[in-house]
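This report concerns only the one structure given below.
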4 protein chains.
Amino acid sequence: MEPVRKQTAAQTSSGGRPRSPRIHQAILKAAVDLVLESGSRAISMDDIAARADVGRMTIYRRWCNKAAIIMDAFVARVDPGTLFLPARSYTESIRLQMRSMAKAFRGKDGALIRALLAEAQFDPRLAVELRDRWTMPRRKMAISYFQRGIKDGLLRSDADPDAIIDILYAPIYYRLQMGTGPLSDAYVDEIFDHAMKGLRKV
Amino acid sequence: MEPVRKQTAAQTSSGGRPRSPRIHQAILKAAVDLVLESGSRAISMDDIAARADVGRMTIYRRWCNKAAIIMDAFVARVDPGTLFLPARSYTESIRLQMRSMAKAFRGKDGALIRALLAEAQFDPRLAVELRDRWTMPRRKMAISYFQRGIKDGLLRSDADPDAIIDILYAPIYYRLQMGTGPLSDAYVDEIFDHAMKGLRKV
Amino acid sequence: MEPVRKQTAAQTSSGGRPRSPRIHQAILKAAVDLVLESGSRAISMDDIAARADVGRMTIYRRWCNKAAIIMDAFVARVDPGTLFLPARSYTESIRLQMRSMAKAFRGKDGALIRALLAEAQFDPRLAVELRDRWTMPRRKMAISYFQRGIKDGLLRSDADPDAIIDILYAPIYYRLQMGTGPLSDAYVDEIFDHAMKGLRKV
Amino acid sequence: MEPVRKQTAAQTSSGGRPRSPRIHQAILKAAVDLVLESGSRAISMDDIAARADVGRMTIYRRWCNKAAIIMDAFVARVDPGTLFLPARSYTESIRLQMRSMAKAFRGKDGALIRALLAEAQFDPRLAVELRDRWTMPRRKMAISYFQRGIKDGLLRSDADPDAIIDILYAPIYYRLQMGTGPLSDAYVDEIFDHAMKGLRKV
DNA sequence: CATTAAACGAGACGGTACGTCACGTCTTGAC
DNA sequence: GTCAAGACGTGACGTACCGTCTCGTTTAATG
């Protein structure tokens with residue numbers, strides 16, 4: 001199972017003309033622009049090549065898939081910075097993080113992640129990439145944040161961090177895909193509040 | 001925006017050879033079998049036609065899409081029966097319902113809904129169909145069940161049934177797609193329990 | 001070694017839409033026109049398809065090669081009628097036949113046969129086709145004509161009809177390809193006369 | 001219309017590393033070997049470069065075409081020495097020359113000239129090169145030989161040397177390309193004898 | 001010797017054409 | 001009017017070469 005991204009390292013070693021990073025960026029930008037304009041399914045490799053003013057082979061030399069391009073473009077867009085910013089309280093910081101994610105999903109990132117997640121259902125290689133480069137890094141950060149909360153007695157000690165993540169964030173993905181309602185801050189608050197205090201009447 | 005399923009009523013009227021229901025079923029079965037064997041992306045209309053031993057036009061006369069076939073096949077598979085079976089208690093019935101859904105998703109239904117949900121991200125018509133024929137009917141049933149629980153004082157009176165549904169069920173869809181872990185009964189229980197009693201340490 | 005022309009017989013048997021002979025002709029005409037306009041090397045399958053107002057697949061369904069199309073078009077152009085028309089004398093009929101061939105080679109047929117003969121040097125399948133459908137039929141007719149001349153005591157009894165053909169006709173092919181001079185009637189006469197009476201001074 | 005061979009004089013002037021003649025030969029050898037192995041159409045510039053262990057640019061610095069390489073390689077192979085060796089008689093010398101040409105065409109030179117002649121049908125520049133560097137030099141030598149024969153009363157005084165050449169040599173090219181029979185000495189003799197004494201029964 | 005300028009290998013690059021695949025429509029004859 | 005079969009126009013796919021370009025590295029003549 002060959003990789004989705006093609007080894008840029010292929011030319012690290014010996015001679016030959018180096019791959020232009022300017023072209024690399026042009027392709028990523030063209031891909032993102034076109035996906036946001038027309039949807040990832042509606043565009044072809046030719047479209048991307050034409051928009052980036054690049055030969056088709058130049059694309060295939062670097063990526064094996066339309067999805068792989070979008071993946072790289074998406075990951076490059078994401079601010080890898082601190083996820084859980086300090087707030088009034090430990091839990092408020094979680095709420096803010098959820099809101100910022102919802103905000104991102106309402107914008108361009110939402111369209112991209114929708115395309116990637118959908119495409120990953122058909123392509124196992126892409127699924128792995130998505131998990132490794134997007135999902136898991138964020139889950140890991142969240143897990144450590146939640147573990148601190150548990151240790152500090154702010155969250156239930158019997159709670160599995162993985163389950164906490166799913167309860168809080170899965171609804172955001174769900175609405176993104178299902179369109180059962182707006183991905184508003186109010187919705188995020190609703191999810192957050194009920195997840196925190198529980199659904200059962202005490 | 002023309003419909004995904006083609007009006008079977010097209011031939012309600014006058015004479016001519018009636019459409020064979022045997023063929024209808026053969027196509028649905030062929031489609032499901034092939035999707036489960038190779039994945040919905042890997043198969044073509046020709047493949048389905050060949051497997052069903054049917055002309056391609058016979059398929060296009062009834063559906064306009066590969067996805068539309070899978071949609072029909074999927075909806076036909078689903079037991080439209082009672083969702084929330086009686087159990088030891090009101091909330092236990094919810095847990096059982098979640099478990100039965102997870103079980104379905106672990107099997108063939110999981111593969112089909114994954115394909116449909118993914119395809120719906122690209123095709124708005126299919127998204128509407130999926131919402132109307134799968135998502136919303138189940139949500140409506142769940143909403144009325146949750147409303148009864150609220151009225152009976154078993155669930156918080158400030159809880160929005162839509163939010164309740166999302167907190168409980170979104171994680172199941174999430175795991176189905178993300179593959180961050182098994183869709184086991186233990187996982188369902190974890191989600192259910194924490195959603196019910198809340199994540200915050202009391 | 002699969003054939004150059006694709007078996008039209010593929011569909012002689014059972015059902016299915018029959019191949020349109022109108023399209024067949026349109027493709028052949030488009031190919032010939034384009035070859036004469038731009039040369040066989042300069043045109044692509046797409047060009048032919050576009051000119052014939054036809055899908056590319058429709059061409060590939062019938063021929064596997066650009067050359068195969070040109071071959072069919074060329075053979076179809078040729079008047080299969082009588083080669084050696086009656087003339088003042090037995091040998092004059094030969095001269096007239098040579099002249100008519102040179103005339104054809106000066107016109108459109110010349111461009112086509114040049115392309116075919118050249119392409120056949122690279123493609124053994126095409127070489128066989130050309131031999132079977134163009135070269136040999138004409139050689140056979142010529143051989144029988146020459147054999148009659150030998151039997152009637154008009155040509156040397158020690159002459160091999162194959163050699164006679166080559167001496168008379170090879171120069172015409174040679175000039176067509178080499179361009180060492182015009183393919184005029186005067187040239188044909190020169191070849192004919194000297195071949196008949198010999199080069200050595202008596 | 002720029003030349004087929006690139007001006008080696010490009011570097012006559014000042015300093016810089018001189019072009020390696022060893023590389024020059026390696027390319028020619030690689031080209032010939034590959035053409036004889038696989039045919040001129042089947043091989044690419046990359047193939048030649050790889051076989052000669054040379055960068056592609058190094059080839060394009062010297063030739064502009066695959067055909068131009070083959071042309072140079074072919075011309076380099078040919079013994080430019082005396083064409084018409086002395087023999088028992090004036091005409092026997094012609095026969096021997098024809099035989100030696102047929103022998104060459106039966107071997108590697110045959111494959112090369114076939115490729116060149118075919119390619120020249122598509123590329124006017126190459127056609128000119130082939131005429132100037134192969135065809136015409138030989139024709140000129142032959143013409144002067146035949147003119148001597150005419151002057152000496154050994155050949156008909158009404159014979160055009162150009163026609164003589166065509167009658168004698170065109171059949172050899174014809175068989176080379178058409179494959180209507182072997183290019184044997186017996187065949188050459190047949191052509192020679194009949195061309196000399198004429199086809200018509202006296 | 002150090003300089004220098006071109007040759008050299010490698011391989012990226014923009015193109016063009018290829019031949020295949022799938023789509024969705026259409027056109028046969030058989031029922 | 002449906003059905004199986006398959007032709008048809010369309011358009012994306014991924015590959016193969018082409019001929020040019022751009023790297024870093026030789027390599028020979030010149031200063």
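Quick caveat, the model's predicted, so the values are computed rather than measured. Numbered from 1 within each chain, the chains take letters A, B, ... in sequence-line order.
- As rounded to whole Å, 15 Å separates atom C1' of F:dG11 from atom CD1 of C:Ile59.
- The interatomic distance linking B:Met45 (CE) with E:dT25 (C1') rounds to 12 Å, in whole Å.
- Set against F:dC3, F:dA28, F:dA4, the side chain of B:Ser20 has F:dC3 as its closest nucleotide.
- A salt bridge between A:Glu119 and B:Arg41 is present, with a side-chain N of the basic residue lying under 4.0 Å from a carboxylate O of the acidic one.
- Atom pair A:Tyr60:OH and E:dG15:C1' shows a separation of 15 Å (rounding to whole Å applied).
- Between the P atom of E:dA17 and the CG atom of C:Asn65 lies a distance of 17 Å, rounded to the nearest Å.
- Remark: the D:Arg17 side chain and the F:dT26 base include a donor-acceptor N/O pair separated by less than 3.5 Å.
- With rounding to whole Å, C:Asp46 atom CG is found 17 Å from E:dG15 atom P.
- Applying the ring-ring contact (aromatic ring centres under 6.0 Å, His included) definition to pairs two or more places apart or across chains, none involves residues 30-50 of chain A.
- Positionally, the nearest nucleotide of DNA chain E for D:Ile23 lies more toward the 5' end than for the other of D:Ile23 and A:Ala52.
- Looking at B:Arg133 and B:Asp72, a side-chain N of the basic residue comes within less than 4.0 Å of a carboxylate O on the acidic one, giving a salt bridge.
- Rounded to an integer number of Å, the gap from CZ of C:Arg41 to C1' of E:dC18 is 14 Å.
- Of the possible polar contacts, one joining the A:Lys66 side chain to the A:Ser40 backbone as a donor-acceptor pair under 3.5 Å is found.
- Near DNA chain E, meaning a heavy atom under 4.0 Å away, there are no residues from residues 25-40 of chain C.
- Listed pair C:Arg56 / F:dG9 fails the phosphate criterion, with no side-chain N or O lying under 4.0 Å from OP1 or OP2.
- Among the nucleotides F:dC3, E:dC8, F:dA7, the one closest to the side chain of B:Arg62 is F:dC3.
- Put simply, C:Thr58 has a side-chain N or O that comes within less than 4.0 Å of OP1 or OP2 on F:dG9.
- Between C:Pro21 and D:Ile43, it is C:Pro21 whose nearest contact on DNA chain F lies nearer the 5' terminus.
- Although no hydrogens or angles enter the test, the distance criterion places no donor-acceptor pair under 3.5 Å between the side chain of A:Arg77 and the main chain of A:Ala73.
- Taking atom CZ on C:Arg61 and atom P on F:dT10, their separation rounds to 13 Å, with Å as the unit.
- With hydrogens and angles left out, the side-chain atoms of D:His24 and D:Arg19 include no donor and acceptor closer than 3.5 Å.
- One N or O on the side chain of C:Gln121 and one on the backbone of C:Leu117 form a donor-acceptor pair closer than 3.5 Å.
- The residues A:Asp47 and A:Arg51 are annotated as not salt-bridged, no charged nitrogen and carboxylate oxygen being separated by less than 4.0 angstrom.
- With rounding to whole Å, A:Asp47 atom CG is found 13 Å from F:dG14 atom P.
- Across all strands shown, C:Met57 has heavy atoms under 4.0 Å from base atoms, whether or not it also approaches the sugar-phosphate.
- Both B:Gly55 and A:Ser44 lie close to DNA chain F; mapped to their nearest nucleotides by heavy-atom distance, the more 5′-ward contact belongs to B:Gly55.
- In terms of phosphate contacts, D:Arg22 brings no side-chain nitrogen or oxygen within less than 4.0 Å of OP1 or OP2 of E:dC8.
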